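Keep in mind it's a predicted model, so treat the numbers as computed, not measured. Side chains included, hydrogens not; waters and symmetry mates left out as well; all remaining heavy atoms used.
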Amino acid sequence: MAASGRAQVLCLYRSLLKESRRFPSYNYRTYAVRRVRDSFRANKKVEDPKAVEKLMMEGRESLMMIQRQVAVGSMYQAQKIVVES
């Protein structure tokens, strides 16, 4: 993978983690962070440029979905659970 491709992947990874940490609900937040980390670890060895581009597209779509869900979740705040306090 080229240096610019690696930088794009790292930027997407950081964006996904940052956005996942914004979930108001502890359960959604931990699940999203775990899924992002697991997905990137599972695809760490992918070298094919077409496969990398496909995964990047899926990652961008996931980022947009997480952003929408964070926005909706922030509209309907629930009480914090014991783990959060």
(message) Is there a continuous path of hydrophobic side-chain contacts, each under 4.5 Å between heavy atoms, that joins L17 to I66?
(response) yes
(request) Answer yes if Y28 and M65 sit in the same cluster of Ile, Leu, Val, Met, Phe, Trp and Tyr residues linked by side chain heavy atoms under 4.5 Å apart, and no otherwise. (result) yes
(request) Over all heavy atoms of both residues, which pair between L16 and S62 is shortest? Give the atoms and the distance, please. (result)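 That would be CD2-C, 4.1 Å.
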(request) Check F23 against R29 and note the closest heavy-atom contact, atom names and distance. (result)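 Distance-wise, the nearest heavy atoms are O-NH1, 2.6 Å.
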(request) Kindly write out the residues that satisfy ring-ring contact (aromatic ring centres under 6.0 Å, His included) with F40, not counting sequence neighbours, or none if the list is empty. (result)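 With sequence neighbours excluded, F40 shows a ring-ring contact (aromatic ring centres under 6.0 Å, His included) to Y13, given in chain and number order.
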(request) Hydrophobic side-chain clustering at under 4.5 Å (ILVMFWY, transitive links): who's grouped with Y76? Put none if nobody. (result) V72, M75
(request) Please go through V83's hydrophobic cluster and name the other residues, only I, L, V, M, F, W, Y counting, with side-chain heavy atoms under 4.5 Å joining them. (result) Y26, I81
(message) Test: side chain to side chain donor-acceptor pair (under 3.5 Å). Region: residues 30-43. Which pairs qualify, not counting sequence neighbours?
(response)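 Non-adjacent pairs meeting side chain to side chain donor-acceptor pair (under 3.5 Å): zero.
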(message) Give me each pair satisfying side chain to side chain donor-acceptor pair (under 3.5 Å) with a member in residues 14-25, each pair once, sequence neighbours excluded.
(response) E19-R22
(request) Could you note down all residue pairs passing salt bridge (Lys or Arg N to Asp or Glu O under 4.0 Å) where residues 59-80 supplies at least one of them, sequence neighbours left out? (result)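 Checked against salt bridge (Lys or Arg N to Asp or Glu O under 4.0 Å) - neighbours excluded - the pairs reaching residues 59-80 are E53-R60.
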(message) Return the NZ to CD distance between K45 and E47, rounded to the nearest 0.5 Å.
(response)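 Separation between the atoms: 9.0 Å.
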(message) Working to the nearest 0.5 angstrom, can you tell me the gap between M56 CE and L63 CG?
(response) 10.5 Å
